[in-house]
Amino acid sequence: GESVGLHLPTLSVQEGDNSIINCAYSNSASDYFIWYKQESGKGPQFIIDIRSNMDKRQGQRVTVLLNKTVKHLSLQIAATQPGDSAVYFCAENLGDYKLSFGAGTTVTVRA
Amino acid sequence: ETGVTQTPRHLVMGMTNKKSLKCEQHLGHNAMYWYKQSAKKPLELMFVYSLEERVENNSVPSRFSPECPNSSHLFLHLHTLQPEDSALYLCASSQTPGRSLFFGSGTQLSVL
């Protein structure tokens, strides 16, 4: 079965607010995690990644948090903009060549 | 542009046709992948090539046949497909297998 999942399939956010997208994973041996953004008609776009020896990593307007105790991953987007509307996927590396994806959360930004 | 180019962007084929999907990466990566994306389902890994050698064949039906002639090019040959094979087929590449994959825009395939 699927080893990576997202808590909510959809998220509606007011423009300017912060967004938090959650993901739960089941494989405690996973040592690498990635967040992707997919806009309509495009392939998944790399946002940010994190290794299991870290619990937080920051990028431009995005922060990824990793809680290995409860096997939880989250993506925080600061000051959400209309261009942030997309489907967001988390993925985990199960070892070697395999990257396993969750089903995705659709984020809609309200003006 | 992600540096990974897929052609064609759209493809409609009958169940008796033979077609090929093409992927080219301009990133100097060593690993290339085929993923299938169906509506309401997570991305499914199909094939992985590392340094032009197939290292993963994720129980994919034989009607899908990959080819990796060099580290920059990847093909997916299709024959006698079924309607349930209709999906978005995504190519990706990475420097390190299983890490930081960069995806193309995909080929939207419809099998009639």
Side-chain angles (χ1 to χ4, degrees), chain A residues 1-10 21-27 29-54 57 59 62 64 66 73 86-106, chain B residues 1-10 21 23-25 27 29-59 66 68 87-108:
Chain A
E2 185 180 325
S3 65
V4 180
L6 292 169
H7 292 311
L8 294 173
T10 61
I21 307 166
N22 295 304
C23 181
Y25 64 95
S26 58
N27 191 333
S30 294
D31 65 351
Y32 177 77
F33 305 87
I34 310 178
W35 280 100
Y36 283 93
K37 171 187 180 183
Q38 187 173 23
E39 297 173 273
S40 180
K42 297 183 179 181
Q45 176 188 355
F46 175 91
I47 300 174
I48 192 168
D49 59 3
I50 188 169
R51 298 181 185 274
S52 60
N53 61 354
M54 302 171 68
R57 191 168 186 219
V62 295
V64 56
L66 176 63
L73 189 70
V87 180
Y88 290 80
F89 298 93
C90 63
E92 65 176 323
N93 182 268
L94 303 178
D96 294 331
Y97 314 103
K98 295 185 179 181
L99 198 62
S100 179
F101 285 79
T105 291
T106 300
Chain B
E1 290 296 328
T2 64
V4 180
T5 304
Q6 290 187 244
T7 55
R9 290 296 308 275
H10 303 273
L21 309 185
C23 177
E24 182 175 1
Q25 59 101 354
L27 301 169
H29 288 166
N30 294 319
M32 296 189 76
Y33 313 75
W34 282 115
Y35 275 85
K36 176 183 179 182
Q37 187 175 32
S38 303
K40 309 296 183 185
K41 295 175 71 175
L43 273 73
E44 301 172 53
L45 178 63
M46 300 177 72
F47 301 103
V48 182
Y49 279 82
S50 179
L51 297 173
E52 301 153 48
E53 179 181 342
R54 189 192 304 181
V55 295
E56 179 72 29
N57 176 0
N58 214 25
S59 302
C68 187
L88 181 67
Y89 288 85
L90 290 160
C91 174
S93 71
S94 68
Q95 181 59 34
T96 303
R99 313 256 173 172
S100 303
L101 273 64
F102 285 79
F103 285 86
S105 296
T107 295
Q108 186 65 54

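A note on names: the letters A, B, ... follow the listed sequences, proteins ahead of strands, and every chain is numbered from 1. All values derive from a computational prediction rather than experimental measurement.
Both the backbone and the side chain of B:Leu43 come within less than 4.5 Å of a heavy atom in chain A. Interface residue B:Gln37: only side-chain heavy atoms are found under 4.5 Å from chain A. Contacts between A:Gln38 and chain B at a heavy-atom distance below 4.5 Å involve the side chain alone, from C-beta outward. For B:Ser94, no part sits under 4.5 Å from any heavy atom of chain A, backbone or side chain.
The closest donor-acceptor contact from the side chain of A:Tyr32 to the backbone of B:Ser100 lies under 3.5 Å. The backbone N or O of B:Leu101 sits less than 3.5 Å from a side-chain atom of A:Tyr36, completing a donor-acceptor pair.
Note: B:Arg99 CZ to A:Asn93 CG = 5.0 Å, rounded to the nearest 0.5 Å. With rounding to the nearest 0.5 Å, the separation of NZ in A:Lys42 from CG in B:Leu88 is 14.0 Å.
In this structure, B:Phe103 has its ring center no closer than 6.0 Å to that of A:Phe46.
Put simply, the side chain of B:Leu45 reaches to within 4.5 Å of the side chain of A:Lys98, judged on heavy atoms.
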Step-by-step ring-ring contact (aromatic ring centres under 6.0 Å, His included) determination, B:Tyr35 to A:Phe101: CA-CA 11 Å; B:Tyr35 275 85; A:Phe101 285 79; 5.5 Å; yes
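Between A:Gly102 and B:Pro42, the shortest heavy-atom distance links the atoms O-CB, 3.6 Å. Closest non-hydrogen pair, A:Pro44 versus B:Leu90, comes out as CD-CD1, 3.7 Å.
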